[in-house]
Amino acid sequence: MNPVLAVALKALVVAALGLVATFLGSPLVRLVLRRADAPRPRSDAGVDDEAEASPGIQAASAQLRGGRWIGLLERLAVYASILSGFSGGIAVVLAVKGLARYPELKATTSGAAERFIIGTFASVLFASACAGLAWWLTGLW
């Protein structure tokens with residue numbers, strides 16, 4: 001294969017999967033959060049008081065404003081960190097996100113902490129999977 005064509009093809013794959021990781025992660029994270037917030041079947045012993053008092057993970061989105069934009073940037077940064085070989089970048093992204101949200105998470109008793117954790121895990125896992133796929137595909141030629 002022509003070396004210029006190979007480089008162009010690799011750049012196209014990396015860019016396309018970067019867009020997938022960044023923008024298609026949002027619907028995926030929303031789906032995961034909806035599944036995590038699904039009603040639980042009642043047990044014979046009755047409903048747990050804590051579960052009944054919690055407004056749920058979906059309702060906590062009002063407390064964690066800016067989550068969609070933060071998620072987009074988070075996935076892009078994780079994707080770029082993995083492909084550039086800077087694994088410490090993932091730690092930086094998660095540390096900055098956690099420290100920035102800490103006051104909001106500490107001040108609430110709703111499902112905000114669960115939303116934060118589940119959303120972050122789903123987002124990072126999706127970006128990592130896309131980066132792994134890009135790395136694998138670009139290594140094929």
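Only heavy atoms go into these numbers, but all of them, side chains included; no hydrogens, no water, no symmetry mates.
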#### Entry: Co-membership, hydrophobic cluster, residues Leu105 and Phe121, 4.5 Å side-chain
yes

### Message
Nearest 0.5 Å, please: how far is OG1 in Thr120 from CZ in Arg115?
### Response
10.5 Å

### Stepwise side chain to side chain contact (heavy atoms under 4.5 Å, CB included) test for Val14 and Tyr79
CA-CA 10 Å; Val14 168; Tyr79 180 81; 3.9 Å; yes

#### Entry: Common cluster, Leu99/Leu94, ILVMFWY with side-chain heavy-atom separation under 4.5 Å
no

## Note on the structure
To the nearest 0.5 Å, atom CH2 of Trp135 lies from atom OG of Ser128 at 13.5 Å

### Task
Could you please spell out the steps behind the side chain to side chain contact (heavy atoms under 4.5 Å, CB included) verdict for Val13 and Leu17?
CA-CA 6 Å; Val13 166; Leu17 284 169; 4.0 Å; yes

### Query
What is the distance from atom CG of Leu5 to atom CG of Leu12, rounded to the nearest 0.5 Å?
10.5 Å

### Query
Considering only heavy atoms from C-beta outward, does the side chain of Leu31 approach that of Arg34 to under 4.5 Å?
yes

### Query
What are the two closest heavy atoms between Ala131 and Leu83, and how far apart are they?
O-CD2, 3.5 Å

### Task
Treating Ile, Leu, Val, Met, Phe, Trp and Tyr as nodes and any side-chain heavy-atom pair under 4.5 angstrom as an edge, say whether Trp136 and Leu19 lie in one connected cluster.
no

### Query
For the residue pair Ser123 and Gly71, what are the closest heavy atoms and their distance?
OG-O, 3.9 Å

### Task
Measure the CG-OG1 distance between Leu133 and Thr138 for me, rounded to the nearest 0.5 Å.
9.5 Å

### Task
Please report the shortest heavy-atom distance between Ser81 and Ser84, naming the atom on each side.
O-OG, 3.2 Å

#### Entry: Spacing of Leu33 atom CG and Arg35 atom CZ [to the nearest 0.5 Å]
12.0 Å

### Distance-minimising heavy-atom pair for Ser26 and Leu72
OG-CD2, 3.8 Å

### Query
With the 4.5 Å side-chain cut-off for hydrophobic clustering, are Ile82 and Val93 part of the same group?
yes

#### Entry: Closest non-hydrogen atom pair between Phe126 and Val20, with its separation
CE2-O, 3.4 Å

### Message
Could you tell me if Lys97 sits above the aromatic ring of Phe116, with its cationic atom closer than 6.0 Å to the ring centre and no more than 45 degrees from the axis?
### Response
yes

### Task
Nearest 0.5 Å please: distance from the CG atom of Leu125 over to the SG atom of Cys130.
11.0 Å

### Task
Answer yes if the side chains of Thr22 and Arg75 hold a donor-acceptor pair under 3.5 Å, and no otherwise.
no

### Task
Identify the two heavy atoms, one from Gly66 and one from Arg101, that lie closest to each other, and give their separation to 0.1 Å.
C-NH2, 3.9 Å

